[in-house]
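Structure first, then comments.
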Amino acid sequence: MSVSILDAGDAALTIEFGDTIDPGLLAAVNALDAAIARRKAEGGLAGLIETMPTFRSLTLFFDPLVTGREQLLADLKPLLAAAEHSPPLAGRRWRLPVCYEGDAAPDLAEVARTLGMSEAEVVALHGGTDYLVYMLGFLPGFPFMGDVPAALRLPRRAEPRVRVPPGSVAIATGLTAIYPWESPGGWHLLGRCPVPLFDARRDSPSLLAAGDRVRFVPVGTDECRAIDAGVRSGEIDPLVWLEAHEGRATDAQEGA
Amino acid sequence: MSTKTELEIVAAGAYASVQDGGRRGHRRIGVPWAGALDLRLMRIANALAGNAETAPVIECFDGGLQVAARGGPVRVAVAGDASVEVEGRDGRRCLPSWRSVTLADGESLRIRRLVSGRIAAVAVTGLVLPAVMGSASTYVRAGLGGLDGKALAAGMRVPAGAGDGVDRALPQPPLADAGPIRIVPGPQAGHFTDEALQTLLRADYRVTAEADRMGVRLEGPRLAHRGAAEIVSDATVPGSIQVPGSGQPIVLLADAQTAGGYPKIATVISADLGRLAALRPGQALRFAAVTADEGARIARAFEAETRALIATVRPLLPDGVDLAVLYSANLVGGVVHALAGEYRPLSSDHR
């Protein structure tokens, strides 16, 4: 694994472990991130504001009035070596309901046509796979998940939508995601997930964390509507979709 | 009957929102910092209003913001080169910016236009809003902070007061810096042709109409990618200059997405971000390259300059005579200068 240090202005730098989407690179990123969080909790790394883990890199945001690039890199050197040989994070497992029908699935027919399969086959493939949450970003609580079965791989839409409805479950370039908020977007919309992925009132506002595993469970339009009403009224706690707790290494990193 | 004192938004102008120093620590779950685009303006406005430097302010674009005191006097301070008008029972009067003014109950303050730039920070004494995830900054996309997560609109009210009742002024506003916007090449400068970075540094770019709190889309000579105009998504930072397939650069600002899949040719240094965000659509700009270490040195110098500026904030005389204007207009002969160390405009009970 070759590590590059990239400048991101005077107040951030990026430690890049590679340029592909690969669970091995992700393990290194998350291990370094966790080591930094521990060092910070011990009172080290003064001036480090926060870190941002992605598929294959970790970006460090720092206050140039307090610390500098060289100082930070010197402090990180021992942590970097250890990170490159780390096992993956033990994430949690989720089973999230998705409605793959009607208005909830505006691109399903077109995706099936493009791929030369039936809509049912697309749903069976998308809903029959365990996905790894590689990272959160783009929007609050937006999970980049993969990998989508090879038969479902498509480039982004040629014409991005100006408005993707919140809850949309989408695929593009081997990845799948859920849009927690209305936003512009270029992915193909296969369904709708009624579970709120982000709530600022929760201690941990993002439902999902990097390293978690997600399986989608197809539900009908009526059930989706019932779940929607249940979570809105507070009768359903989103944690009911948590399948098994295997320890949450990322809790301590929030706000590192 | 007790009435609470509030500031009412009579008109929000082009766009106005409550912002503070920003929401740190949550980029990892996709939450951008938000916060004032020009942090120096926020700090000066708060100093003029007698607030803590990072208290929430009302950030507005161009002219049109009008606010009124309701239920009691409210002290309001405007930082930014604005033409300001106060309307009360005795009619209208024009005021310079870079000072605070205490509005009597029912009086209103309006930003008629911005003389230069397009951002003003309006600090309000007693403006306290609950922090959401550590900040009162409004981030509209996810409905965080501010007033119910929304941009300001006519009829909304924020808590306010008059504090110690002493208005303050900044004797010498910061000089406009028309120099190039300084950038640090990278993190993906290698994804572009060698000519692309040279073009970015030599050519004029123009701010398009697509310029808001998320970012500023520029137009100018095309920046060519070496290969695909796409990378595996990684983190963006405020100031990232991302270049999509069109070859036209986009500078990301406080509300921008935290990750992106376009290569980033360079990053605007932190000290120049406020200046960039304040450029008006149609305005031309130039870039100049610095190293990350030079950028950090500039950040330290800029901070020292900001602190020195804030240290010059002076109380105005209780009768409303605006000493700052008197001195800057040179009506008082060259005996004292507002910035001179021995300058003592008021007796100690006003300090």
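Per chain, numbering begins at 1; letters A, B, ... match sequence-line order.
Within residues 139-148 of chain B, the residues approaching chain A closer than 4.5 Å by heavy atoms are, in numerical order, B/Tyr139, B/Arg141, B/Ala142, B/Leu144. Within residues 168-188 of chain A, the residues that have a heavy atom under 4.5 Å from a heavy atom of chain B are A/Trp181, A/Glu182, A/Ser183, A/Pro184, listed by number.
Looking at B/Arg182 and A/Asp10, no side-chain N of the basic residue comes within less than 4.0 Å of a carboxylate O on the acidic one, giving no salt bridge.
For chain A, the option among B/Gly260, B/Ala259, B/Gly186 with the highest count of heavy-atom pairs below 4.5 Å is B/Ala259. Comparing B/Ala299, B/Ala266, B/Ser233 by how many heavy-atom pairs each has under 4.5 Å with chain A, the most go to B/Ser233. The candidate from B/Ala271, B/Pro187, B/Gly239 with the greatest count of non-hydrogen atom pairs under 4.5 Å with chain A is B/Pro187. Note on B/Val232, B/Val184, B/Val31, B/Ile298: by heavy-atom pairs under 4.5 Å with chain A, the leading option is B/Val232. The most heavy-atom pairs under 4.5 Å with chain A, out of B/Ile183, B/Val290, B/Asp234, B/Ile269, come from B/Asp234.
Enclosure of atom CD in A/Glu159 is not indicated, since only 12 or fewer non-hydrogen atoms of other residues, nucleotides or ligands lie within 6.0 angstrom. Counting heavy-atom neighbours within 6.0 Å of B/Arg226 CZ, excluding the residue itself, gives a total above 12. More than 12 heavy-atom neighbours from other residues, nucleotides or ligands sit within 6.0 angstrom of OH on A/Tyr131. By the neighbour-count criterion of 12 heavy atoms within 6.0 Å, atom CZ of B/Arg202 is sparsely surrounded, having that number or fewer from other residues, nucleotides or ligands. Annotation: A/Arg39, atom CZ; neighbour count of heavy atoms from other residues, nucleotides and ligands within 6.0 Å does not exceed 12.
Looking at every heavy atom in both residues, A/Ala8 comes nearest to B/Val237 through O-CG2, 3.8 Å. For A/Glu50 against B/His26, the heavy-atom pair with the smallest separation is OE1-N, 3.0 Å.
With a threshold of 4.5 angstrom between heavy atoms, B/Thr236 approaches chain A through N, CA, C or O but not through any side-chain atom. At a 4.5 Å heavy-atom cutoff, the contact between A/Ala200 and chain B is made by backbone and side-chain atoms alike. Only the side chain of A/Phe198 comes within less than 4.5 Å of a heavy atom in chain B; its backbone stays farther off. At a 4.5 Å heavy-atom cutoff, the contact between A/Asp19 and chain B is made by backbone atoms alone. With a threshold of 4.5 angstrom between heavy atoms, B/Ser270 approaches chain A through its backbone and through its side chain. Using a 4.5 Å cut-off between heavy atoms, A/Arg202 makes no contact with chain B at all.
Side-chain contact between A/Leu136 and B/Ile29 is present, with at least one heavy-atom pair separated by less than 4.5 Å. With a 4.5 Å cut-off on side-chain heavy atoms, B/Arg27 and A/Thr59 do not count as touching.
A distance-only check finds no donor-acceptor pair linking the side chain of A/Arg69 to the backbone of B/Ala292 [under 3.5 Å].
Taken to the nearest 0.5 Å, the CD atom of B/Gln257 stands 11.0 Å off from the CZ atom of A/Phe142. Rounding to the nearest 0.5 angstrom, the gap separating the CD atom in A/Glu16 from the CD1 atom in B/Ile231 is 8.0 Å. Put simply, CG on A/Asp63 and CD on B/Glu303 are 8.5 Å apart, with the number rounded to the nearest 0.5 Å.
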